[in-house]
There are 2 protein chains.
Amino acid sequence: MSETFSISDLSREFEVTTRTIRHYEDLGLLAPSRAGQNRVYSARDRVHLKLILRGRRLGFSLKEIGELLQLYDAPNGEVSQLTLFIGKMRERRETLLEQREDIDRVLEELDDLEKRCAEMLQARDENAA
Amino acid sequence: MSETFSISDLSREFEVTTRTIRHYEDLGLLAPSRAGQNRVYSARDRVHLKLILRGRRLGFSLKEIGELLQLYDAPNGEVSQLTLFIGKMRERRETLLEQREDIDRVLEELDDLEKRCAEMLQARDENAA
DNA sequence: TTTGACGTTTACGTAAACGTCAAGTACATT
DNA sequence: AATGTACTTGACGTTTACGTAAACGTCAAA
């Protein structure tokens, strides 16, 4: 019924090595089913990998990503678990918002620098004319 | 005239260890002057450290940060250098923009999750009433 | 049937980013 | 003179995130 993927399918699609994918499994971030001894990845597994790589791009450690995946997968526990979950999410949100501010700052600085460079180039051209 | 800082001043202000600061110097990311054998950091050095830590938060390697600092410090070279510099900045910008999209996506997902959690809590409360 | 492409496990290697002593210097205070 | 505080330079240790090589299984095409 639903689509499945081999390890090299995912390796190609996301441009990571198979070693990397297996490493994530070693750390408990992925749990594909098996056909014989071969790994078989479901669409859900694929989404997990996508989330892992996104987390990595955002600078989270694989351990932290593991915790996030747990939270993401199983907001089904008790009230205490849920409120704890919400708390953790709020923390993440703050971290991410700070990170976005960092990015905006850097982008502004890059703008400034680029303008200065353009000006320097122009000045040179005018002198050459 | 201008303010200076000891290594522990900066250590306290930015909440990093002195070891970390010395490590950055080992890698050529900082170059404080000396009073005898002791390091003396200028306001400029302090800004450098701030930039380093920001880069770190954004997931850049210290090596990459070093390149960025060089670019940041010395856009004074030839035309070829300047255009190369602008090119590198464009790349950085794209990376950062992608990263910001990642963050926005994650923030949306966190919103969804939080709403779902809130709904689950509400449903429970209504049953309890 | 052998070659090739794909997969597997096991295990040691490695680069990055520091942590953690150890041992010493310099200067002020008690 | 001794104690304390802040600084210094090694140098080895540690964690994270994989790389890489070895040795092997499986199946299909030539």
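Protein chains get the first letters and strands the later ones, always in sequence-line order, with residue 1 at the start of each.
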Considering the options A:Arg93, A:Lys50, A:Arg54, which one meets the salt bridge (Lys or Arg N to Asp or Glu O under 4.0 Å) requirement together with B:Glu109? A:Arg54
Could you give the CG-to-P distance, from A:Asn38 to C:dA5, as a whole number of Å? 17 Å
Charged N to carboxylate O below 4.0 Å: is that the case for A:Asp9 and A:Arg46? no
Which parts of nucleotides 9-20 of chain C does protein reach within less than 4.0 Å, heavy atoms only, written one letter per nucleotide 5' to 3' as B for base, S for sugar-phosphate only and - for none? B-B-----BBBB
Let me know the distance between CZ of B:Phe5 and C1' of D:dC7, rounded to the nearest Å. 18 Å
Using whole Å, what does the distance between atom P of nucleotide D:dC7 and atom CD of B:Glu25 come to? 14 Å
Check each of A:Arg56, A:Arg19, A:His48 against A:Tyr24 using the side-chain contact (heavy atoms from CB on, under 4.5 Å) test, and report the only one that passes. A:Arg56
Counting only N and O atoms by type, is there a donor-acceptor contact under 3.5 Å from the side chain of B:Asp111 to the main-chain atoms of B:Glu108? no
Would you sort out whether B:Glu98 and A:Arg57 count as a salt bridge (charged side-chain N to carboxylate O under 4.0 Å, His left out), showing the intermediate values? CA-CA 9 Å; B:Glu98 284 175 21; A:Arg57 283 197 299 275; 5.8 Å; no
Under 3.5 Å, is there a donor-acceptor pair between the B:Thr17 and B:Thr20 side chains? yes
Look at all strands and tell whether B:Ser6 reaches a base, only sugar-phosphate, or nothing, counting heavy atoms closer than 4.0 Å. sugar-phosphate
